[in-house]
Every structure is written in C-alpha cells, then in structure tokens.
4 protein chains.
Amino acid sequence: MIRLKFDIELGYEIAGSTSDFIFNIHAAQTAHQSVANEQLYLSQPVTPVIYTDLTYGTRYMRLQTAPGPLTVRYEATVDIAHYFESPENLAEVPISQLPSEVLPYIYPSRYCQSDRLGKLATWEFAHFQPGYPRVQAIQDWVRRRTSFLSGSSNSNTSATDTLIEQAGICRDFAHLMIALCRAMNIPARFVTGIDYGADPKLGPTDFHAFVEVFLSKRWYSFDPSGISPPMGLVRLGTGRDAADASFATVFGSVKSIAPVINIAAIDDPANGYTLPRHCTDVLSSTEPIHTQ
Amino acid sequence: MIRLKFDIELGYEIAGSTSDFIFNIHAAQTAHQSVANEQLYLSQPVTPVIYTDLTYGTRYMRLQTAPGPLTVRYEATVDIAHYFESPENLAEVPISQLPSEVLPYIYPSRYCQSDRLGKLATWEFAHFQPGYPRVQAIQDWVRRRTSFLSGSSNSNTSATDTLIEQAGICRDFAHLMIALCRAMNIPARFVTGIDYGADPKLGPTDFHAFVEVFLSKRWYSFDPSGISPPMGLVRLGTGRDAADASFATVFGSVKSIAPVINIAAIDDPANGYTLPRHCTDVLSSTEPIHTQ
Amino acid sequence: MIRLKFDIELGYEIAGSTSDFIFNIHAAQTAHQSVANEQLYLSQPVTPVIYTDLTYGTRYMRLQTAPGPLTVRYEATVDIAHYFESPENLAEVPISQLPSEVLPYIYPSRYCQSDRLGKLATWEFAHFQPGYPRVQAIQDWVRRRTSFLSGSSNSNTSATDTLIEQAGICRDFAHLMIALCRAMNIPARFVTGIDYGADPKLGPTDFHAFVEVFLSKRWYSFDPSGISPPMGLVRLGTGRDAADASFATVFGSVKSIAPVINIAAIDDPANGYTLPRHCTDVLSSTEPIHTQ
Amino acid sequence: MIRLKFDIELGYEIAGSTSDFIFNIHAAQTAHQSVANEQLYLSQPVTPVIYTDLTYGTRYMRLQTAPGPLTVRYEATVDIAHYFESPENLAEVPISQLPSEVLPYIYPSRYCQSDRLGKLATWEFAHFQPGYPRVQAIQDWVRRRTSFLSGSSNSNTSATDTLIEQAGICRDFAHLMIALCRAMNIPARFVTGIDYGADPKLGPTDFHAFVEVFLSKRWYSFDPSGISPPMGLVRLGTGRDAADASFATVFGSVKSIAPVINIAAIDDPANGYTLPRHCTDVLSSTEPIHTQ
C-alpha cells in the first residue's frame, strides 16, 4: 500500500463581477484509491458544489465567486492499493470484444487526433508484438524523441504539434502517447494527478499528467514523460484528454498565480505503507471491466 | 406526432483478412423517439453485437467480417413526439447551475476547438440577448457566412477550418455552431441523423448532422445548415462531435461505396401523423434535466 | 524630412562550438531613407559579411562566432523623405497590370495563408470601394478585432491563428492584414523596423513590424497595430512575411537576451527636420514602379 | 543531351465577367534548357503578356479573358544539357558562405514550415555524413514513409501535414523534403515541370513537382516521389514552394477541366539525343553560383 500526503494551493484575482470555477483538485475516490482524510479551505465565503462522477470517482467542485482575491487550499492523505500484473499477461483486446464503456477511448479527441496518425502509427509500431510490448514501444518512442522543455507548448498544443516539434511538458507527452495508441486501436485515456518522486531538477512539484491504456481487463498506468514511478501517482481527474481533466476551468476575467504543491510519501512498513518505487510489474488502479 | 420511414444501404469491399466495424445506423430509442418497426440485413453470416447507450438511446452495432463484399441494410419506421417551446422561455443556464451530465458539452472536442474561440465569440455574440436570441444569432451567423459546398471539406476539417474557409457540408456547419456556443459557455452537442424535407437540389438523401443546445432544462434542436425543418430529423447518434457519432467506424483495409438512403414522412392526420414543417416554436426531443 | 536616431543592443550566449547568425539590423538604404551615420560594435573579434539587397536596400550581416557571450550593438542616424499622397488618388491595380516584381506579393507565404481566406475576405471586404478605402477597411477590421497582447502568440503563429484567436503582437497584426489584402488580390508585404512614437504604456521600445500595400504605382505604409504614426517608422528589412525579415536568424545552440532599443526623433525645423506625426495623407518610402 | 517534346492542354469555363490568369506553362529558358520550338494556342482572341524572370528563366503568361470557355494549348520541343557530378564531390555549404541569392531558400515558406522541424530533422538526419549522403537520406526517408495516394491531399496540405499523415502526391513529397533540408540549414527549392518516364500505372502524364538542393556550387535535382529519372524532368517554374510555382493561378469565378499532357523523348543518338535514364551521377540543370 502507498500512502501519499499532499497539499495544493491555488491563487486567483477575480477582476469582473462574479466568476465561475470548475475545479478538479480533490483526490478521486475509487476502489483502489481511498481518502484517509482531507481538508478544503476557501478564502471567500462561498459554498462549493461538489459533484462526484461515479464511473471515475472524479470530484468536480464548482464555485461562483465574488470579485477580489481567491485562495483555494486542498490537502489530503490518500491510500492507493495498486493491482500488479506481469507485462507478459497483458494483451490487446480486439475491437469486437472491447467493453462498451471503453469504446470512447479509441476515438480522437481535442488534443489527440488519432484519426490523422493511422499510417504513421502502423509504420512505427505495427511490427511490435501486440499487447504490452507494443504499448511499451509507443511509450519509449514518445519519451526518446520528445524533449521535456517548459514553455515549449501552450494550451492549444496537441499531439500532432508535439509529434512535429518534439518538445513539450508532461501533458504533451501524454497526448502524443494516447493519440498513437488510439491510432493502433488501443484504448488510451488521460489522467491528471500529483506525482511523488519526480527529479527535483525539473523544478517544484506541479500537477502531473499521465496515461492509462486498456489491456486485457483493466486500465494500466504509463508515464511517458518518465518523470515519476507510476506507483507514486495520485489520481485527480480522468478523461479523454486535457480538455476533460483540467485541474481548473475558469469562466470570467481572472488572473491566476502558479499553483504551489507539496507531496510526501509515508514510509511506514510496519503499518503496510511502503515508498513508491520503480518495478517491473505493470500497475493498475482500476477495477477489471468485463470484455464482450 | 411525426412518423418517418427510412432505409439505409451501405456497401463495403473488405480487402484484408477480417475487419471490424462499429455502426451507428439504428434509430435511437428515447422517451421521444420510438421505433415502430425495424429490420436489419447483413450480407455476411455474422452475428452483430448491439450495445445500447442508456443515456442517449444510441445503438452501436459491432461486426467482425470476413474478406469480400459486405452489404448492410437497415430500415425503420420511427415515431417522434417533439416537445415544443416558445423561444422566449428559453434561457441560458449559469455554469454553476448546469446539470453535471451536461458539463462535458462545454469543453472543446476534436472538431470543436472552443478554447480558441473565446475572444471571437465574445466579439460577435456578447451583445445579443442571452438565451434563445443569442443561440439563434450564432446559428444565423454560421449559416449566413458558410457556403454549402460538397467536397470543400474532409474528415480532418474542424470548426476553425470552417471559420477560416467559410465552406463545408452539414457536419462542418454543426461543428462551427457547437464550437461558438461552447465558447460562450453554452453547452452544445452533435447529433447524426437522417433528415426529411431537404431541398432535392442538394442531391440525394444522405446522413445528416445537426446540433443540440442546452437551454433552460432541455436539449433543443438546431440545424445550422438550414437544410431541413428540425421536425424532420431522426436521431441516430449523439456525441461531442463527429468523432463520437460517426455512422460507421471501420478498422481494417476496406473500400466503401456511397450510402444509399431513402426517407418518407407519413401524412395521416386521422391517426395523428402530420408532415414535418417549419414552425416558430423551438423543438426538443429529449427529457428535461434538472439543474443544480 | 524626418531624422531618427536609434540604437539596438542584442546579447547572446553561444553554447556549442561555433554559431552562425544572419542579422538584419542595419537601416535599409533606399532612395527615400539614407543613413547619415552609423556604427557597429561586436564583442567578438569576428569580421561581419554584409550583403546589400539592391531591390530593397536591405542589409544582411552574417557572422560566424565562437562560443561564449556575444554582444551586438548598432546605432544609426537615419533621414527619411516620405512621399505623400491623398487617399483618393490610390487605386488597386488589376492583376493584368501589376508590375512583375510585385507579383510575388499576391501569393501566400509562411505566415500569410491568403489562399485559405478568399471567401472570408470577399465576405468582409468586397463591398468596400476598391483602392484606399478597401485597404483602410481591412486595416481597421484587423485593428478593431485583434487585442494587442504580449505573450499571446509565438514564432509559429500565423494569420489564420490570429484571425481565430483575435490576439497578438505587431507582427501578428501585420500578417493578418497582409493575408487579407492578398486574398483580395491586393499585393502586400512585411516590413520590420524600429518605430518612433509608440505609446509608452506598451512597454520599452522594441522591433516593430508593419505593412506595405501596393496601390497605384507605389508601396504605401500601414501600421495595423496602430502603435505608431507611419511617419515614425524606420525600415530595416522587407519581405513576404516574418520568415523573410527577421532581425536575427540564429543557427546553433544559442541563448538570447531581450533586445534593448532606444529611438529619438530630431526636432529641428530650421534644418528641415520635423517630428513624426499622424496625418491624413498616405505615406510611401519607395520609388514608383511602372505597371504593365 | 536530352530532347523532350511535350504538349499541354488546359480547359476552363469562365463564369463571371472577366477573369485573370497567370500561367507558368512555358518551358523555362536557361543556360541548360533551350527551347528548339514552341507553339501557343488560345481559344479566345486575347493578347497574352509574357514576362520572363531573368534569374530562373521562368516565363509567366498573364491573360485577361472574357466569359465563356477558354482553351490553352502549349507545345514545345526542349533540349536539356545536364551537368553531371559524382555524389562524393557534393558538400553542404556553411551558412556563412552561402551565396546571397541562395539565402531565401533556407527560410520557411507557405508549405514548408522548416522552422517547426529543427528538432525532428536533427533527430533523424544529424548523424548522416553531411553533403550528398545526408540529402540522399532525407530523400529516402520521405520516399519510404510517404504513400503516393491521389486525393489524399489538397491545396492547403503542407509539409507538416504530409509528415503526420504519410500520404500525398508529388508536390507533397517535394514540400516535405524541402522543409527537412531547410531544417538542417540546407537550401532547397521547388520546381514544377513535366516528367518523362513515369510509371504508367500512376495514371496519365500530369504536371510534376520536384526538388532542387544547393550543394557545393549548384542546385541539384532530386525527385523524392521517385516517379521519374531526374534526367527526364523539364523545368517550368522555380520557387520556394508550390505557392510560387503553380502552373496556373486563377482570379475569378472559373471552373477548370483536368489538364491533358503528353510527353515524348527523342531517341536519336546520331544527333546526340539519348533517352533519359537513371544514373548514379547527380544532375544539375543550373549554372554554378559562387559562394561567399
């Protein structure tokens, strides 16, 4: 079991009259990720409306705020029980047997134009062994070719841009890997989270983005940016791509301050909590879904 | 009540070994659209797997086919009971009160990059009266500026392309209207269907694409291409954009023949069936959804 | 006569072995713009190769530099004798009569995809009176719709992006105006320069980009960003768009510091030097070209 | 010496009042390509204005036509004296020594966004031996990855699209090769022509597009589409990309018919005319340009 403790502080200055926010900063509550405790602080006397998506455990918080400054602070202690699987047991699922709820993740989306990448994906990846080896090859290809470079991308940057320019940040790595998987008819989706264990040279802890790929019966975690061991990832939001799973969507005239985030892992083997580490097994933090 | 009878014939030539298809050619079954009778014919001895999405009533049919020719024929008689509303009763719903299930439709998607259009939409539409007048203004703007021109767009064409090039077919009109609505924080989505009542000068009956916009408590139908009276639209699929609601997604090496489609409306007032016509009310064919 | 005195300081840190630079920071020498005096300082003991393009008077300086820091300082005093014309005398030239050397400026270029904008330009501008009123309408349209916003664009941003996103800096305003003129078959080109008279609220003096449009027999200056009176513009480079007329093109692994630029205008009416001002005439700083 | 005899027939239907055309269908007249005889036929009694670009030998013909049908027929017999060079003698020219007139061909252009491809080109081609081996590697890479597929591209398709979608026609192959060369700081440009010796399976003879790369002192011909031996290429237009060198640019409301083109090679060794053939030497049909 992994226990991670983190806090997020977001700051805004609201210029107009009122503004609407949709936050997705609460830790998701799933069969594999439970919240031991959590606390939310809002600097304005507003009542948040929290909606939980039952499929993904995602919690969306909507606020309507007054003009002036807004600080949002969230802290949580989260327990994650991963499911471990040997790579050799992970197979691609034929289109005809994919669970219906998985189907949306083979289609293209805002930032993952898999419809344009069929020939390229076939050229690069058709000769790999189907299943985990192919997905691993896609992840390696993206990681090898793409430079991690702050400021090289913006909110309009999509998988095809990253393919061409070979630079980006974690969300761009994720979009490109997702687009290439879908172009090979392998369902793939986008997860936002907080990561434990990143190289401090990459700068202060920030929101992270990673990938889930559907193999055999589950969604398995991959971090194409290579920043963190998949064992150290906390799930916040899940979606087709960053359009679905932004940590904050802001409606109105608002200036924002860079988020401040801290995360720590509990090293308490006596109580069953071990530190996240790299391992050869593939990790899932989702329940099995039965194929057709 | 509207009764429409239509048939669809699709033809393919499968080159490779086997191929997978996901069709969305069955009439949706909803509280407002019921199927009086229907018939499916497949030229290959394959068993279709049909999955019904309970939220939208969409029916997806998956086939795994052998090499050689494939003909798919579907015919149905469908009854549609519209909900009529006066334009002046239709209001925009504030972000903070949008039903959770409607939220995905304010985000950008593959073909509707609303995230890039905030300034333009504000420039063009902020001064209109919120609610139906604004949505109507968006529809008129798209219709007025865009030429209906077969062959001017392809499967990669998105709302921003149509905005720039001012030409397209029904799906392009729909994508642009959806993107502009979302850029104004008005939820909008994409519906594929068959339409009764198109101008025969536009060529033979084909699949159609139109728009639903969420106002007050329901999704209301708009046809920005202006091809058909909304009363003559049969719903097949519903999604964020054409990526979600294609009538056929083909996996494998397959040649396709242009679809052949016929549709007729039953004019039998004695039994309550009247012909689709243009009217001043706004039409919905969905159930109300309670706002937060 | 306008006399402007300016200096430019550029700083680089060259990481690799050697690096190549192509600068275009010398004031152009044309029949209408002469250099009273100028001085160049290079912090490395390298010999610049300066090439003068006889058509445009553009001076390109190539350097091959050693690793380490590089400072380039250029200062010049420049006299500009504008040609003034009343707007009502400026006509569009039919394609069949355009001078051959002007033809390249009706074709699309890297940042000005006029080939995609034919319908939109016709929609917006076909009803204006041809000649100066139409060009003025294009300039006003671009200026009115586009927000001047530092950081809203990057080196990949093109006219179609600016059209969609309605924000940019001077180069983006110029690209959009050029693309729309060409889409109406009006030759238009890109000029880089230094401008006198910008609103200090826009920040420190920087390189500027403006537009020349071919009407009647000459190229006339327009500044769609509205930052400066056209009378206060010094010409450095001239080209189809920013791809041709960058103040510095760097080959190699180099970090650059933001340019530091100063400009002053000489107010010495006794000697014939007056300050740049807004005026109702249209200005050219090029010689007439005879039409076919 | 190669002697090629070809004819081109173009058909238009002019709808509006008058229309303007700029044709580039005359064989270029250069030191290496001379016109033994030629004939032009126009179905309307209009006087063409022919302008010869002295740098490239390109001949542009402008017509202003009346409404109704227009047929343009051009036929010519052209003699081409190639310059042959061994691949091992062809070196890349350092930026600092490039002739000034060659400089425009290292910058990005409408269809060749080399500015976006620096990392990718370095990744793929930096490890090849500079000079001919690197250019050959770029050509092979483009040819190997890209499928020749009629209808897969349109007039908006650029090098980055072809890179992503891996399909196109000759002009798309040329744009991608040009963009990748420029991204490696190797000057490259676009030539339109007629080609002798194409595989008849590719359909009837059509206009062709190929690439010239500047190495050592000359522009050398490459055909990344692999359709024809470079020895069988007639030069019509030369430019940065297809935006500069279209065989016909049409201004007005005009419908066009597919061009009909025939070409034959004279096999008359007694008089010094041999058939085009593949050979191991690299071919140029331009004069040497002295480097700085």
Side-chain angles (χ1 to χ4, degrees), chain A residues 18-22 24 46-54 58-65 94-101 103-104 106-116 118 122 154-156 158-160 179 182 184-185 239-246 249-253 292, chain B residues 18-22 24 46-54 58-65 94-101 103-104 106-116 118 122 154-156 158-160 179 182 184-185 239-246 249-253 292:
Chain A
T18 63
S19 273
D20 282 283
F21 289 82
I22 305 177
N24 179 195
V46 289
T47 308
V49 177
I50 295 177
Y51 158 69
T52 303
D53 180 301
L54 295 179
T58 306
R59 287 185 286 166
Y60 296 100
M61 172 172 69
R62 273 186 272 180
L63 298 183
Q64 194 167 48
T65 62
I95 292 288
S96 55
Q97 291 166 32
L98 281 175
S100 304
E101 66 192 273
L103 277 183
I106 54 171
Y107 293 123
S109 58
R110 171 67 181 92
Y111 296 109
C112 305
Q113 305 99 327
S114 48
D115 52 301
R116 300 186 69 193
T122 299
N154 59 36
S155 66
N156 187 28
S158 69
T160 53
R182 291 184 192 162
M184 293 304 290
N185 302 329
R240 296 200 193 179
D241 62 24
D244 285 4
S246 186
T249 310
V250 183
F251 305 85
S253 180
Q292 301 278 332
Chain B
T18 62
S19 273
D20 281 283
F21 289 82
I22 304 177
N24 178 196
V46 288
T47 307
V49 176
I50 296 177
Y51 158 70
T52 304
D53 180 301
L54 296 177
T58 306
R59 288 184 284 167
Y60 295 101
M61 173 172 69
R62 274 187 272 179
L63 297 184
Q64 194 169 47
T65 61
I95 292 287
S96 55
Q97 290 166 33
L98 280 175
S100 304
E101 66 191 275
L103 277 182
I106 55 170
Y107 293 123
S109 58
R110 171 67 180 90
Y111 296 109
C112 305
Q113 306 97 328
S114 48
D115 52 302
R116 302 187 68 191
T122 300
N154 59 37
S155 65
N156 187 29
S158 70
T160 52
R182 291 183 193 164
M184 293 304 289
N185 301 330
R240 295 199 193 178
D241 62 24
D244 285 4
S246 185
T249 311
V250 183
F251 304 86
S253 180
Q292 302 277 333

(message) Heavy-atom pairs under 4.5 Å with chain A: which of B:P94, B:P108, B:C112 has the most?
(response) B:P108
(message) For A:Y107, is there any backbone N or O sitting under 3.5 Å from a side-chain donor or acceptor partner on B:R110?
(response) no
(request) Could you look at B:L63 and say if it's the side chain, the backbone, both or neither that has a heavy atom under 4.5 Å from chain A? (result) neither
(message) Keeping B:N24 on the side-chain end and B:R59 on the backbone end, is there a donor-acceptor pair under 3.5 Å?
(response) yes
(request) Using a strict 4.0 Å threshold on nitrogen-to-oxygen distance, state whether B:R182 and B:D241 make a salt bridge. (result) no
(message) Quick check for you: among A:I106, A:D115, A:I22, A:D53, which has the greatest number of heavy-atom pairs under 4.5 Å with chain B?
(response) A:D115
(message) With a 3.5 Å distance limit and no angle check, can you tell me whether A:S246 reaches the backbone of A:A242 through a side-chain donor-acceptor pair?
(response) no
(message) Report which part of B:Q64 has an atom under 4.5 Å of a heavy atom belonging to chain A: side chain, backbone, both, or neither.
(response) side chain
(request) Using atom types as modelled and distance alone, determine if a side-chain donor or acceptor of A:Y111 lies under 3.5 Å from a backbone N or O of A:S155. (result) yes
(request) Let me know if B:P104 has heavy atoms under 4.5 Å from chain A in its side chain, its backbone, both or neither. (result) neither
